[in-house]
There are 2 protein chains.
Amino acid sequence: MKTPVELTELFRERGLKVTPQRQCIFRLLHGNAAHPTAEAVYAAARAEMPTISLKTVYQTLNDLAEMGELHVLDLGTGSGRFDPNVDAHHHLVCDRCGKVRDLHVDFPDVRVPRGKAQGFRILDTEVVFRGICDECQTEDETDKEKAHA
Amino acid sequence: MKTPVELTELFRERGLKVTPQRQCIFRLLHGNAAHPTAEAVYAAARAEMPTISLKTVYQTLNDLAEMGELHVLDLGTGSGRFDPNVDAHHHLVCDRCGKVRDLHVDFPDVRVPRGKAQGFRILDTEVVFRGICDECQTEDETDKEKAHA
DNA sequence: TGGTAATCGACAACGATTGTTGATTCCTCG
DNA sequence: CGAGGAATCAACAATCGTTGTCGATTACCA
Ligand SMILES: [Mn+2]
Ligand SMILES: [Mn+2]
Ligand SMILES: [Zn+2]
Ligand SMILES: [Zn+2]
């Protein structure tokens, strides 16, 4: 995603107004690697602007996604995750708590072999590693200790 | 997924009754590579049993998933896709129509490099190739021709 | 400064999935 | 075979995430 200043330009060029609500969301997302849900962005925005509406948050997130400044990930965690990092990368997903972490590794061998594409024109390749995050593993161990006691 | 006959055994062992509705779903799923939604299974089942309820379909699909006989894929196509093929494989997904095809290729290089796992214990690796399927490409071309005319 | 886009609140609606009820069917085990 | 209990049905309501609608108000920006 571009910087808040660049996004301000971009929105104006497109005839979209640059409101404080939108600028707030620009700032919250810039460099954000937490892959927040819309609700999470909403919560963070309300800390600065108590009257911002969830509708406005969705509106701005969708605008950014349409411009290609944001990717929406559907990783089976119930709700969409917004990713301001639009460069090619992959993800680690916690099956327990839904946490999403970036994995910046290139897998040059991951291609559909000739003759196996079944007519598809491939536009994108995602690798998703699913498992249990550190925090959820610690929880599990704590539970075991309690069970012993 | 096991064969309908084996699933009949398995259900009985678990104290679950083997009803005609469940057997119908066993048959519909066995060897099914279409990755159907619950609604699609429901539609196919109703062709044989007009009074089967959507509730019963979900119930049976969830039972099979809990037993590990079925995988539920969330590929961002709006609804869950049920996959009776529980062996390791990957998927081609059409961004336009949601079609899902199997890709039986092993990618041995696709592993999280040591030191990049960020505390995750990895349990599963999925590769998803997104693009446009053959049918949707043909549609596009037809549209172009119409535009020229 | 004015025209118009954006926002707000308060609520309804959506699609996918799950829950509830009470009546009915029918599988399974002895 | 017969009894007991699970499963199913229909007909709803409810959930969650997301989008739509409304009229009134705000405020961006050419
Ligand atoms: Mn990311
Ligand atoms: Mn598959
Ligand atoms: Zn976790
Ligand atoms: Zn398609």
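Just so it is clear, the structure is predicted and the values come from calculations on it, not from any experiment. Reminder, nothing fancy here: chain letters follow the sequence lines and each chain counts from 1.
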Donor-acceptor contact below 3.5 Å, side chain B/Arg81 vs main chain B/Gly98: yes

A/Asp63 bridged to A/Arg14 by N-O distance under 4.0 Å: no

Those residues of residues 42-64 of chain A lying under 4.0 Å from DNA chain D by at least one heavy atom: A/Lys55, A/Tyr58, A/Asn62

Single hit among A/Arg96, A/Lys99, A/Arg101 for salt bridge (charged side-chain N to carboxylate O under 4.0 Å, His left out) with A/Glu135: A/Lys99

B/Arg27: side-chain hydrogen bond (donor to acceptor under 3.5 Å, both in side chains) partners, not counting sequence neighbours: B/Glu48

Residues that B/Glu9 engages under side-chain hydrogen bond (donor to acceptor under 3.5 Å, both in side chains), provided they are two or more places apart: none

What are the atom names and distances for every N/O pair under 3.5 Å that joins the protein to nucleotides 26-30 of chain C?
unit_1 : atom_1 : unit_2  : atom_2 : d
C/dC27 : O2     : B/Lys17 : NZ     : 3.2
C/dT28 : OP1    : B/Arg12 : NE     : 2.8
C/dT28 : OP1    : B/Arg12 : NH2    : 3.4
C/dT28 : OP1    : B/Val18 : N      : 2.8
C/dT28 : OP2    : B/Arg12 : NH2    : 3.0

Between the first and last five pairs of the helix from C/dG15-D/dC16 to C/dG30-D/dC1, the angle of the axes, rounded to 10 degrees: 40°

Which whole-number value in Å describes the distance from [X] [atom1] to [N] [atom2]?
{"X": "A/Asp74", "N": "D/dC16", "atom1": "CG", "atom2": "C1'", "result": "13 Å"}
{"X": "B/Arg14", "N": "D/dA6", "atom1": "CZ", "atom2": "C1'", "result": "17 Å"}
{"X": "A/Glu13", "N": "D/dA30", "atom1": "CD", "atom2": "C1'", "result": "16 Å"}
{"X": "A/Glu66", "N": "D/dT19", "atom1": "CD", "atom2": "C1'", "result": "13 Å"}

Validation row: B/His91, B/Asp102 side chains within 4.5 angstrom (heavy atoms): yes

Test item: B/Val41 and B/Tyr58 side chains (from C-beta on) under 4.5 Å apart, heavy atoms: no

Nucleotide nearest A/Arg22 (side chain, heavy atoms from C-beta), chosen from C/dT7, D/dA7, C/dT17: C/dT7

Axial cation check for B/Tyr42 ring with B/Arg46, 6.0 Å and 45° limits: yes

Short side-chain N/O contact from A/Gln21 to OP1 or OP2 of D/dA27, under 4.0 Å: no

The helix from C/dT1-D/dA30 to C/dA13-D/dT18: angle between end helix axes, five pairs per end, rounded to 10 degrees: 40°

